[in-house]
Amino acid sequence: MAQPTVFVTRLIPDRGLDLVKEACDAEIWEDELPPPYEVLLEKVADKEGLLSLLTDTVNAQLMDAAPNLKVISNYAVGFDNIEIEEATKRGLPVGNTPGVLTDTTADFAFAMIMATGRRIVEGADYVRAGKWKTWGPRLLAGQDIHGATLGIVGFGRIGQAVAKRAQGFDMRVVAYDIYPDHAAAEELGVEFVDDMDVVLRQADFLTVHTQLTDETYHLIGKRELQLMKPTAILVNTSRGPCVDPDALYRALRDGEIAYAGLDVTEPEPIDRDSPLLELDNCVVVPHIASASVATRGKMAEMAAQNLIAGVRGERLPTCVNPEVYG
Ligand code: DGY
């Protein structure tokens, strides 16, 4: 019997790819860079399944170009690259990979808190540049993590996992989310507040864990940065556009806040001539918060399972728009 046809937009780890190859007639895009949008349109035209990445735009036009499509499986927990309402209108289930990357991403957010607070990247650059002449009482003095106040904006799975790590560092944690989870806050010893400004004003370290939606676009902008302490450090491992990059640049340059650690940027990749890259008090890495070998493998397996279930007409194990099932 003919196998269902699918397009996989990048080489995901074998743990998922092998499942897809076994169950489907799979065309796999093997380049390092994502397929250009026009190519993606061509590739999906005759396919029943699409395994996409957060770098692929999956919009109404693409869905219309793929009349046989039965499922979109995104290799990510986030799904802001997909027009979910359009998928739902067409009865197309969309899968994502929640849960498996929570702890890995939280580990990384905490690593960023520590790297920026303790100026680790600056220190490594200093040594590489041959500037290390002696031990110095003022050399690269940073900020303590222990005893500091951690502000969390977006207190879902990942925000909560970061709060758990902060307990071990004796941090005071203040959190805000439009969807309060008072039970989790109580369990984790977190002060949950119903006004984001309180978090902004009190945080020594502010870590952002919101989804990207119309409401969270530039959630942290000029006004929010001005509310923060001049010694505060901002860490973003959510989505780049949740922070206004121009406002952030000015705030870092003018000393309105002290430091930023960005795993995500707007745009991605960041422009090579972005002024943020000229600042010593800004660390930028290429969207790697979930990039542990184990987690990327688990994400691949989940994305494959969603894809295979979808092309078989079965319910996706993790579906973003379960309303398609009525
Ligand atoms: C996601 O899954 O949404 C992350 O940003 C990529 O790891």
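Atoms within each ligand, like the ligands themselves, are counted from 1 in listed order. Numbers for residues simply follow the sequence, beginning at 1.
Here Leu41 sits in one hydrophobic cluster together with Phe7, Trp29, Tyr37, Val39, Leu40, Val44, Leu50, Val58, Leu62, Met63, Leu69, Ile72, Phe79, Ile82, Ile84, Leu92, Val94, Val320; the rule is ILVMFWY side chains under 4.5 Å apart, joined directly or through other members.
Against a heavy-atom cut-off of under 4.0 Å, Gly78 is close to the following atoms of ligand 1: 1 (C), 2 (O), 3 (O).
Every side chain to side chain contact (heavy atoms under 4.5 Å, CB included) that Lys131 has, sequence neighbours left out, goes to Tyr126, Ala129.
Any N or O atom pair closer than 3.5 Å counts here, and Ser290 shares at least one such pair with ligand 1. For ligand 1, the polar-atom distance check against Leu101 finds no nitrogen or oxygen pair separated by under 3.5 Å. Here's the thing with Leu54: none of its N/O atoms is less than 3.5 angstrom from an N/O atom of ligand 1.
With Gln143 as the partner, the side-chain contact (heavy atoms from CB on, under 4.5 Å) test is satisfied by one option alone out of Thr116, Ile113, Thr231: Thr231.
Of the listed residues (Arg239, His287, Met299, Arg296), the one carrying the non-hydrogen atom nearest atom 3 (O) of ligand 1 is Arg239.
Under the 3.5 Å distance criterion, the side-chain polar atoms of Thr216 are matched with a main-chain donor or acceptor of Thr213. Formation of a donor-acceptor pair under 3.5 Å by the Asn306 side chain with backbone atoms of Asn96 is found in this model.
Ranking protein heavy atoms by distance to atom 2 (O) of ligand 1, first place goes to Val77 N, 2.7 Å.
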